[in-house]
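Report on the structure given below.
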Amino acid sequence: MAEPLTDATRSIVKACIPALEAHGLDITREMYQRLLAKPEIRDLFNMSHQKDGEQPKALALAVLAYARHIDNPGALAGMIERIAEKHVGLNILPEHYPYVADALLGAIAHVLGDAATPEILDAWGKAYWFLADVLIGREHQIYEEHAHAPGGWTGWRDFTVHRVLRESDVVKSFELVPMDGKAIMMHTPGQYLSFRLEVPGHGSQRRNYSISSEPGCDHYRISVRRAEGGVVSDWLHDTVKEGERLSVSAPAGDFTIAPKDAKKIVFLSAGIGLTPFIAALGPLTTKGVPDIRFIHGAHNPQMDAFGTHIRALAGTGKISADVFYTEGELPADAHTPGVTVHKGRVTKDWLAAQVDPDAVWYVCGPDGFMRDMIETLKASGVSENRIHFEFFGSAADAELAAA
């Protein structure tokens with residue numbers, strides 16, 4: 001159990017907030033340079049988040065949030081749970097934490113220079129290990145839950161690509177079955193799988209993909225959008241065929257779609273952000289949730305994955321849908337029973353006019369889209385406990401990440 005921080009330690013950490021505001025990103029960039037110089041640690045990271053600067057920015061904001069809430073770390077419970085789930089997906093273990101401690105403290109000393117006094121480094125060392133102990137404890141609990149769940153496992157498990165499906169011009173789905181032929185752990189809609197992939201010419205890669213299949217199947221399905229210049233997405237789209245072996249960790253993630261006794265649910269997504277909602281629609285409609293609304297934005301009909309599935313569900317009256325296309329001509333079957341098609345984007349003004357404060361809202365998509373949608377929902381009177389959202393990548397928005 002983590003020992004409480006002393007008043008003196010917390011005071012020093014809080015006194016560093018201006019320095020973190022000014023130099024936090026420089027510190028985390030330096031930290032990652034140090035970490036990634038070690039092969040045994042480098043392979044644990046999604047390197048695309050290093051190239052676009054997303055990971056250092058996300059960590060800088062997380063460190064700043066930690067310093068601001070050092071008197072009440074419980075306020076960061078949501079962020080801590082997300083980190084723990086991500087670590088479990090990537091099979092982070094207690095022995096990895098000292099590497100991070102050395103890199104972080106070394107980076108603070110390097111960037112702040114003489115301002116990084118022994119007292120400051122000592123305080124940040126204690127603050128780091130306090131948080132690390134909390135994470136290690138929670139991660140141990142999750143690993144134990146996975147190990148003892150029916151069909152569960154820890155570490156990496158080999159799966160075979162059973163089927164490849166084309167969902168749109170830019171999205172392919174991959175159905176995965178375990179090579180050992182045994183049962184698989186039942187996931188909750190909203191969770192993701194983590195992968196350890198060996199991509200020719202690029203070495204070991206780590207990625208997370210939301211599960212788009214319903215719980216209770218004998219397989220998992222992920223649906224992957226081809227990203228411009230994406231090392232792994234290009235490989236999956238262009239090279240991976242049925243029979244390919246992939247290393248997978250057990251379903252993880254705290255963004256779970258299992259509302260209790262909800263009468264009204266709204267799914268609000270853009271682009272590939274719809275995948276966790278596709279996994280949830282079947283169970284919720286079977287459960288008989290009386291009012292389910294699906295709002296989704298795509299560039300054009302050719303890039304709209306699962307459009308046929310949504311129209312079929314809407315045609316039965318189980319859901320209603322609003323689909324937005326920012327470009328291109330509308331398809332001949334655009335206007336079908338239960339589906340309203342719009343030209344343009346899902347705007348804040350349009351959403352504000354649609355808000356039902358009694359509904360439970362789930363939001364997933366690019367960061368800018370989510371910020372706009374969540375701000376609009378809150379401004380329109382939806383209470384925070386009715387708004388749930390999932391980040392792509394490393395969740396770099398500080399205000400939302402700490403929520």
Side-chain angles (χ1 to χ4, degrees), residues 39-40 42-51 85-92 146 149 151-187 189-253 271-276 278-279 302-303 305-306 308-309 392-393:
E40 62 270 38
R42 182 176 60 240
D43 286 346
L44 297 172
F45 289 93
N46 180 339
M47 296 305 296
S48 69
H49 292 159
Q50 299 298 320
K51 292 178 181 178
E85 291 278 355
K86 184 66 68 70
H87 282 181
V88 168
L90 295 172
N91 289 292
I92 302 297
H146 288 180
W153 72 96
T154 59
W156 300 105
R157 184 178 178 184
D158 285 340
F159 278 69
T160 297
V161 177
H162 175 65
R163 222 168 32 137
V164 180
L165 304 168
R166 182 182 180 277
E167 308 290 1
S168 77
D169 284 359
V170 293
V171 175
K172 279 188 176 181
S173 287
F174 301 84
E175 291 185 358
L176 311 171
V177 297
M179 290 196 68
D180 58 20
K182 297 180 180 179
I184 58 173
M185 175 178 156
M186 183 177 291
H187 68 283
Q191 291 189 306
Y192 54 79
L193 298 176
S194 298
F195 293 81
R196 181 183 64 184
L197 306 169
E198 296 297 327
V199 180
H202 298 278
S204 184
Q205 300 287 326
R206 300 291 187 275
R207 292 295 186 275
N208 308 307
Y209 293 109
S210 293
I211 303 170
S212 61
S213 52
E214 298 179 9
C217 300
D218 61 356
H219 65 273
Y220 297 121
R221 182 182 68 192
I222 60 169
S223 302
V224 181
R225 177 182 65 87
R226 184 193 290 273
E228 184 177 352
V231 168
V232 172
S233 68
D234 280 351
W235 177 68
L236 288 168
H237 274 252
D238 296 336
T239 304
V240 171
K241 303 290 190 294
E242 295 175 3
E244 186 85 32
R245 178 184 299 187
L246 304 177
S247 295
V248 185
S249 64
I272 199 62
L274 84 170
T275 49
I278 297 300
Q302 293 72 40
M303 297 172 69
F306 298 103
T308 300
H309 178 61
F392 288 160

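R221 is linked by a side-chain hydrogen bond (donor to acceptor under 3.5 Å, both in side chains) to S212, counting only residues two or more places apart in sequence or in another chain. Qualifying ring pair (Phe, Tyr, Trp, His ring centres under 6.0 Å) partners for W235, counting only residues two or more places apart in sequence or in other chains: none. Residues forming a ring pair (Phe, Tyr, Trp, His ring centres under 6.0 Å) with F159 (at least two apart in sequence, or on another chain): W153, Y220. A227 is linked by a side chain to side chain contact (heavy atoms under 4.5 Å, CB included) to R225, S233, counting only residues two or more places apart in sequence or in another chain. Listed by chain and residue number, D158 satisfy the side-chain hydrogen bond (donor to acceptor under 3.5 Å, both in side chains) test with S247 (two or more places apart in sequence, or in another chain).
For the pair H187 and S213, the minimum side-chain heavy-atom distance is below 4.5 Å. Proximity of S223 to I278: side-chain heavy atoms (C-beta onward) are nowhere separated by under 4.5 Å. Counting heavy atoms from C-beta on, the side chains of V164 and E242 come closer than 4.5 Å. At least one side-chain heavy atom of L193 sits less than 4.5 Å from a side-chain heavy atom of V248. Side-chain contact between L176 and V161 is present, with heavy atoms from C-beta onward closer than 4.5 Å. The closest side-chain heavy-atom distance from V232 to H202 is not below 4.5 Å. Counting heavy atoms from C-beta on, the side chains of V88 and T154 never come closer than 4.5 Å.
Atoms OG and CD, on S168 and Q302 in that order, are 9.5 Å from each other to the nearest 0.5 Å. Between the CG atom in L246 and the CE atom in M179 there is a gap of 10.0 Å [rounded to 0.5 Å]. With rounding to the nearest 0.5 angstrom, the NE2 atom of H237 is 10.0 Å from the CZ atom of R166.
At most 12 heavy atoms of other shown residues, nucleotides or ligands fall within 6.0 angstrom of atom NE2 in H162.
Counting only residues at least two apart or on different chains, the salt bridge (charged side-chain N to carboxylate O under 4.0 Å, His left out) pairs with a member in residues 172-187 are R157-D180, R163-E175.
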